[in-house]
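The model shown is predicted, which means the values in this text are computed figures rather than measured ones. Just so you know, these numbers use all the heavy atoms, side chains as well, and skip hydrogens, waters and symmetry mates. Both counts, for ligands and for their atoms, begin at 1 and track the order of listing.
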Amino acid sequence: MARGLVSRRRQRATSHEAIAIAIAADIPDAIGSLLDRCALFHVLDDATKRQLAARAQRRRYAVGEVIFRVGSPGDIMMAVVTGTVRIVATSPQGKEIVLGDLKAGEVFGEIALLDGGERSADAVALTKCELLALERRDLMAALQRNPAACLRLLEVVCKRLRETDERITEIAFFELPVRLAKVLLRTAAAPGAARAASPKVALSQRELGNMIGGTRESVNRCLRDWQRRGVIRLAKGWIILEDTAALTELAGLR
Ligand code: CMP
């Protein structure tokens, strides 16, 4: 009887252990394939990928949820699995400027991770998001063994520096209508945006202002003027680019 109980317990323990082992094996695999979708991790050897996958955490965020704030300690880097993360700088008066919208396969949080300083900007979930979080010590160990991954991360940082330089130059040297035309064309041509004869942009006028360093009111004035001239059409939260050739000219790109 007692032996039967022990053996049933042993059986139960064995089946629990089996499930636990299966889950443990399954989680890194699932996370491993998520990591693989990210260009940065793609270059890692399988053993390193498995080690990182075993240590990575999946995190989910609701729309509008703050992922981290500027100035907070930065001991993790995140990879976007699904959704869009917005990187924002906010003035003490609450004025915002959008530094970037990051989508699946992109990473963020690399600056504080690499230099050991504080977060350089806020990160907010623009849509519902799933992220993978990797701790500094795990990622640094992987980077130290993988020069190819270091070079990929350098490419990410260089791309961001280029984009930031472009933004600063635009804000310093171009009038608001030129900046607005550029951002509309850029958004319509972004990876993942639907291709159409009259592309549609779903950004609000305040968001556009935040992206180009202008106010909602000045964006509204400019869009209304372009609507009168048939360049764009405003419809239920969409900006429809009716005449992309005219907009390209307004952006000074032709
Ligand atoms: P970190 O400083 O750790 O936290 C804020 C993150 O925002 C930063 O790392 C980068 O990942 C990201 N970031 C900062 N500036 C830009 C930018 N100009 N474009 C895209 N992402 C940025």
Side-chain angles (χ1 to χ4, degrees), residues 34-35 37-43 52 55-57 59 61 63-92 94-127 129-143 149-174 179 182-183 185-187 189-193 203 207-214:
L34 297 177
L35 282 178
R37 288 189 217 156
C38 191
L40 173 64
F41 302 112
H42 203 67
V43 293
L52 277 183
R55 311 267 310 162
Q57 285 175 29
R59 296 188 181 178
Y61 293 86
V63 180
E65 206 174 332
V66 172
I67 300 163
F68 55 68
R69 288 271 184 221
V70 63
S72 55
D75 43 13
I76 53 169
M77 192 180 86
M78 313 258 202
V80 185
V81 178
T82 56
T84 305
V85 171
R86 175 157 283 182
I87 306 295
V88 201
T90 311
S91 77
K95 214 174 156 232
E96 288 185 352
I97 186 144
V98 176
L99 298 176
D101 284 340
L102 309 178
K103 299 197 188 277
E106 295 191 269
V107 294
F108 64 100
E110 77 289 350
I111 296 181
L113 183 105
L114 288 172
D115 70 8
E118 298 172 341
R119 296 295 186 198
S120 60
D122 295 344
V124 181
L126 187 63
T127 64
C129 287
E130 186 178 350
L131 309 176
L132 280 185
L134 292 155
E135 284 198 27
R136 184 165 208 268
R137 58 167 184 258
D138 299 325
L139 202 61
M140 284 306 211
L143 288 174
C150 294
L151 291 176
R152 277 280 163 90
L153 196 52
L154 263 179
E155 275 172 30
V156 170
V157 177
C158 290
K159 178 172 172 274
R160 288 184 183 160
L161 186 58
R162 275 180 188 282
E163 285 167 0
T164 305
D165 286 353
E166 206 180 320
R167 290 277 179 84
I168 292 172
T169 312
E170 284 177 8
I171 291 175
F173 298 143
F174 298 118
R179 297 185 334 243
K182 279 180 190 289
V183 83
L185 290 168
R186 210 183 281 145
T187 308
L203 295 166
E207 276 181 304
L208 282 167
N210 290 347
M211 291 169 95
I212 61 170

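When non-hydrogen atoms are compared, ligand 1 lies under 4.0 Å from the backbone of E110 as well as from its side chain. Both the backbone and the side chain of I111 come within contact range of ligand 1, each with a heavy atom under 4.0 Å.
Each of the following atoms of ligand 1 lies closer than 4.0 Å to a heavy atom of A121: 5 (C). Near F68, the atoms of ligand 1 lying under 4.0 angstrom from a non-hydrogen atom of the residue are 4 (O), 5 (C). Of all atoms in ligand 1, listed by their number and element, those nearer than 4.0 Å to a heavy atom of A112 are 1 (P), 2 (O), 3 (O). Atom numbering of ligand 1 starts at 1 in the shown order; those under 4.0 Å from a heavy atom of F108 are 11 (O).
None of D122, T90, V124 except one satisfies the side-chain contact (heavy atoms from CB on, under 4.5 Å) rule with E96; the exception is T90.
Side chain of T127 to main chain of T84: a donor-acceptor pair is present (N/O by atom type, distance under 3.5 Å, no hydrogens or angles). In terms of modelled atom types and a separation under 3.5 Å, the side chain of R179 and the main chain of F174 share a donor-acceptor contact.
The distance criterion of under 3.5 Å between nitrogen or oxygen atoms is not met by E163 with respect to ligand 1.
Salt-bridge check for E166 with R162: failed, with every basic side-chain N at 4.0 Å or more from each acidic carboxylate O. Of the charged side-chain nitrogens involved, none lies within less than 4.0 Å of a carboxylate oxygen, so that R59 and E65 do not count as a salt-bridged pair.
Taking each of V70, L99, V85 in turn, the one with a heavy atom nearest to atom 19 (N) of ligand 1 proves to be L99.
Within the 4.5 Å cutoff, no side-chain heavy atoms of L203 are placed close to those of V183.
Residue contacts with ligand 1: G109 is included, with a non-hydrogen atom under 4.0 Å away. A123 does not count as a contact of ligand 1, since none of its heavy atoms falls under 4.0 Å from the ligand.
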Go through it in stages, so that I can follow the logic: the residues are E207 and R86, the test is salt bridge (charged side-chain N to carboxylate O under 4.0 Å, His left out), and I'd like the CA-CA distance, side-chain angles, deciding distance and then a yes or no.
CA-CA 11 Å; E207 276 181 304; R86 175 157 283 182; 2.8 Å; yes
